[in-house]
**Student:** 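My questions will all concern the structure given below.
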Amino acid sequence: MKVLHMHGPPYKKMKVSKNLDRKKDVSTSFEYHKLCEARRKLPIYPVQNRLVQEVRRLNTVIVIGETGSGKTTQIPQFLFRAEVHRGSQIAITQPRRVAAVTVAKRVAQEMKSELGKLVGYCVRFEDVTSESTRIKYMTDGMLLREAIIDPLMRRYSVVILDEAHERTIHTDVLFGVVKAAQRQRAKKGLKPLKIVVMSATMDVDHFSEYFNSAPVLYLEGRQFPVNVYYSCCTQSDYQFAALVTLGQIHKQAPPNHDVLMFLTGQDEIESMVRFVRDIGRSLEGQAPPIIACPLYAALPPQVQLRVFNRTPPGARKVVIATNIAETSVTIPGIKFVIDPGMVKARVFNPRSGLDLLKVVRISKAQALQRTGRAGRESSGSCYRLYTEQEFDSFKLNTVPEIQKGDLNIKRMCSLSSVVLQLMALGISDLIHFDFMDRPSKESIITAVDELHLLGAVEKREKIQLTALGKQMAAFPLEPRLSKVILVAKEFSCLEEIMSIVSLLSGESVFYTPHKAREEALAARRKFMSTEGDHISLLNIYKTYKSVGGNKNWCMENYIHQRNMKTALDVRNQLREICDRQNLPFKSCRDDTVAIRKCLTAGFFMNAAELQREGTYICLSTRRPVSIHPSSSLFRSKPGYVLYNELIQTSKCYMRDLCVVDPDWLYEAAPSHFKRKKLPT
DNA sequence: GAGCACTGC
């Protein structure tokens with residue numbers, strides 16, 4: 001490789017280690033010193049006592065703990081042993097399913113209890129708890145959903161919100177919900193609700209302020225020091241810089257010192273893997289053999305598992321990963337981290353009003369998280385491919401998800417879901433809801449407007465949920481899709497609608513490997529309908545069912561088996577909810593008009609009209625849009641279509657389309673279309 | 001004639 005002979009970015013060594021970025025916040029804190037002293041004698045019990053004491057005294061405590069502090073597994077046990085829970089349940093939320101499940105398993109082992117008895121977990125499709133469960137790990141979305149049924153969270157005496165620094169939309173909403181529940185319970189003279197917020201954040205004051213100046217406890221982690229090196233000058237090509245840095249490390253570092261490199265996406269990672277393998281080959285005999293492992297979410301699970309394989313003696317593992325390796329996956333053996341300081345994120349484009357995926361700078365918090373990955377088992381090094389001045393200009397924290405949605409069309413759906421959920425919780429004044437970081441007024445109003453259009457809320461002296469809205473809130477779906485389900489009763493086609501909605505709500509069931517692209521597209525053509533992609537999806541579902549849905553059929557037809565399985569799980573879940581609401585499970589057989597009319601009731605705001613020039617414009621925004629080449633309607637030009645989503649790449653593409661009649665649009669939302677001229 | 005980071009109910 002030519003690259004190896006060139007000079008890489010020179011580095012300046014910094015005296016930074018685990019307390020990087022914390023600055024005086026932490027080191028001058030009285031609690032911190034007190035905690036450290038105590039910990040030197042007896043590492044974990046003083047924390048336990050202090051925690052229990054504070055929770056008893058003040059009801060709310062913030063716990064700041066580095067990775068490896070054991071807070072997720074230990075703190076619930078502390079509170080349980082001290083009987084802070086007073087016989088009822090302790091809930092611990094996690095942003096990710098896997099974390100909720102694996103942590104619960106470990107704690108069950110530690111407590112020598114069968115999983116699902118004393119210690120259990122609850123995630124979508126899986127409730128492993130029982131009457132005797134006292135420590136319950138769950139996803140944040142799950143607790144939020146439970147809160148709709150019981151806003152006072154009566155079955156819990158302690159709610160622990162873990163990984164709060166990640167600021168997922170669910171955790172952010174839960175902040176307000178648990179705070180309100182705590183206050184309400186106190187007011188009603190019910191058993192107090194204890195709240196513990198656990199975070200790895202640097203932005204401690206913000207959390208503490210929000211929770212009425214709750215005391216902050218600092219935990220030390222099992223983190224080893226990491227030397228941080230900044231680049232001396234700005235790097236114009238971070239991929240190149242990353243490769244050069246890897247080359248230098250590889251030539252100098254002893255074997256079995258593994259490397260983790262962060263890149264932004266699949267393409268970048270795959271091409272980097274090829275370069276890295278080239279380096280390995282060109283240095284054969286002079287340096288340890290390289291095992292290059294790509295890691296990103298879209299990778300099949302078996303391939304992902306390779307990063308956990310132990311590196312054979314004398315070799316070096318180089319893991320090239322997306323930000324999945326920041327939080328979701330912990331890889332053993334990492335001594336070096338290469339951080340180009342970039343991440344691919346959804347960003348809002350104010351010019352087009354659309355969001356798109358773009359490579360942007362990470363936050364300081366993310367940089368710290370990446371650095372920490374080098375110090376899990378012993379001390380390590382982190383190469384930051386940006387200057388210290390550049391680092392100073394990074395945002396302190398990643399923008400909370402709930403604020404990312406502002407004016408962002410794709411995310412509008414999420415905010416309307418959240419608004420619907422909050423209203424179902426009995427909170428109608430969302431503008432004044434106690435958000436830790438509030439979304440803009442405009443984005444709330446837009447969400448309320450959408451719910452109004454769907455008939456989920458009505459505006460009297462104040463905004464309130466309609467009976468329809470209440471029913472909609474019971475479904476774990478975007479409000480538009482819930483509306484489609486509820487309207488299916490009128491058209492007697494719930495059977496078909498359920499299949500379509502299930503397939504639409506999850507990830508794509510189309511599997512298109514690079515090597516067999518043509519075969520995959522040909523296989524797909526068999527199911528395509530001239531009425532659009534929704535009917536095509538229904539054809540797939542029906543065929544899958546008629547052949548008994550086996551693995552071979554999926555392979556032959558290039559259908560993504562795992563995603564298909566998830567869609568079936570979703571369908572079962574939706575069916576249960578429909579049963580509870582006494583919705584008749586009728587089939588319309590081949591009456592696709594009924595199906596498309598249902599879809600119109602939920603997606604009329606996503607209608608596009610064919611213009612004389614042969615292009616489309618979106619009826620709500622008057623913006624030009626195009627049919628995505630993957631659509632079954634790509635080669636046809638129907639007068640009116642609905643689309644499931646817009647995606648901005650080289651053009652503004654509509655995805656998942658359905659042919660409709662303009663009359664249906666008017667029937668579905670007369671007020672929305674009254675000023676718009678629609679030919680009959 | 002196109003490409004998509006990561007989650008969750």
Side-chain angles (χ1 to χ4, degrees), chain A residues 93-101 122-127 138-149 163 166-174 262-270 295-299 321-329 342-347 355-362 366 369 398 400-402 404 410-411 413-414 417-418 420-421 424 472-479 481-482 501-502 505-508 510 512-514 517-518 520-521 566 569-570 573-574 576-577 626-631 633-635 645 647-655:
Chain A
T93 67
Q94 295 291 320
R96 282 170 292 279
R97 294 170 56 97
V98 253
V101 176
C122 186
V123 296
R124 191 181 190 182
F125 310 129
E126 256 187 295
D127 182 358
M138 61 206 298
T139 45
D140 48 10
M142 200 52 141
L143 184 61
L144 195 56
R145 209 141 258 292
E146 280 189 2
I148 294 180
I149 299 158
E163 310 292 351
E166 290 196 28
R167 304 297 304 275
T168 68
I169 202 158
H170 290 147
T171 301
D172 258 38
V173 175
L174 277 173
F262 284 98
L263 288 177
T264 66
Q266 182 171 345
D267 281 358
E268 249 178 52
I269 290 172
E270 291 299 346
L295 179 64
Y296 48 88
L299 216 55
T322 60
N323 46 343
I324 192 172
E326 260 171 39
T327 49
S328 307
V329 173
M342 296 296 191
V343 68
K344 200 178 277 187
R346 272 190 192 278
V347 291
D355 65 340
L356 66 169
L357 286 165
K358 199 179 158 191
V359 174
V360 294
R361 275 298 189 201
I362 57 172
Q366 266 178 301
Q369 187 76 32
T398 313
E401 206 183 347
I402 202 162
K404 265 190 215 164
K410 179 89 199 282
R411 281 292 170 190
C413 302
S414 310
S417 299
V418 164
L420 182 66
Q421 284 192 32
M472 282 168 63
F475 291 92
L477 296 168
E478 290 166 33
L481 289 174
S482 313
V501 168
S502 312
S505 78
E507 286 176 73
S508 171
F510 295 117
T512 324
H514 229 73
R517 201 170 151 271
E518 286 310 315
L521 295 182
T566 310
D569 287 342
V570 172
Q573 190 188 25
L574 297 179
E576 280 171 27
I577 299 168
S626 309
I627 298 179
H628 195 273
S630 67
S631 171
L633 299 178
F634 182 61
R635 295 194 190 285
E645 64 171 358
I647 191 133
Q648 164 111 0
T649 49
S650 56
K651 278 182 182 174
C652 194
Y653 284 108
M654 301 180 274
R655 287 217 301 203

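Heavy atoms only: backbone and side chains are in, while hydrogens, waters and symmetry mates are out. Each chain gets a letter, A, B and so on, in the order the sequences are listed, and its residues count up from 1.
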**Student:** Under 4.0 Å, heavy atoms only, any strand: does Arg96(A) hit a base, just the sugar-phosphate, or nothing?
**Tutor:** sugar-phosphate

**Student:** Where the side chain of Phe634(A) is defined as all heavy atoms beyond and including C-beta, which of dT7(B), dC9(B), dG1(B) is the nearest nucleotide?
**Tutor:** dG1(B)

**Student:** Using a cut-off of less than 4.0 Å, is there contact between a side-chain N or O of Thr327(A) and OP1 or OP2 of dC6(B)?
**Tutor:** no

**Student:** Rounded to the Å, how far apart are Arg124(A) CZ and dG8(B) P?
**Tutor:** 11 Å

**Student:** Which one, dC9(B), dG1(B), dT7(B), comes nearest to the side chain of Pro629(A)?
**Tutor:** dG1(B)

**Student:** Can you name the residues that form a side chain to side chain contact (heavy atoms under 4.5 Å, CB included) with Val101(A), not counting sequence neighbours?
**Tutor:** Lys105(A), Tyr121(A), Val123(A)

**Student:** With nearest nucleotide decided by heavy atoms, which residue, Phe475(A) or Tyr296(A), maps closer to the 5′ end of DNA chain B?
**Tutor:** Tyr296(A)

**Student:** To the nearest Å, give me how far apart CZ (Arg517(A)) and P (dG1(B)) are.
**Tutor:** 13 Å

**Student:** For Val123(A) and His628(A), take the nucleotide of DNA chain B holding the closest heavy atom to each; which residue's nucleotide lies nearer the 5' end?
**Tutor:** His628(A)

**Student:** Quick one: Asn323(A) CG to dT7(B) P, roughly how many Å, whole number?
**Tutor:** 9 Å

**Student:** Using the ring-ring contact (aromatic ring centres under 6.0 Å, His included) criterion, which residues pair with His628(A)? Sequence neighbours excluded.
**Tutor:** Tyr653(A)

**Student:** Across the strands shown, which category fits Thr168(A) at heavy-atom distances under 4.0 angstrom: base, sugar-phosphate, nothing?
**Tutor:** nothing

**Student:** Atom CD of Glu268(A) to atom P of dC6(B): distance rounded to whole Å?
**Tutor:** 12 Å

**Student:** Does either side chain, that of Tyr296(A) or that of Glu268(A), offer a donor lying less than 3.5 Å from an acceptor on the other one?
**Tutor:** no

**Student:** Can you name the one residue among Gln573(A), Met138(A), Arg145(A) that meets side-chain contact (heavy atoms from CB on, under 4.5 Å) with Arg124(A)?
**Tutor:** Gln573(A)

**Student:** Would you say dC6(B) has OP1 or OP2 under 4.0 Å from some side-chain N or O of Thr322(A)?
**Tutor:** yes

**Student:** Under 4.0 Å between a side-chain N/O of Tyr653(A) and OP1 or OP2 of dA2(B), yes or no?
**Tutor:** yes

**Student:** Base, sugar-phosphate or nothing for Gln266(A)? Non-hydrogen atoms, less than 4.0 Å.
**Tutor:** sugar-phosphate

**Student:** Can you measure Gln369(A) atom CD to dC6(B) atom C1' for me and round it to whole angstrom units?
**Tutor:** 14 Å

**Student:** Could you check whether the side chain of Arg145(A) and the base of dG8(B) have a donor-acceptor pair of N or O atoms closer than 3.5 Å, going by distance alone?
**Tutor:** no

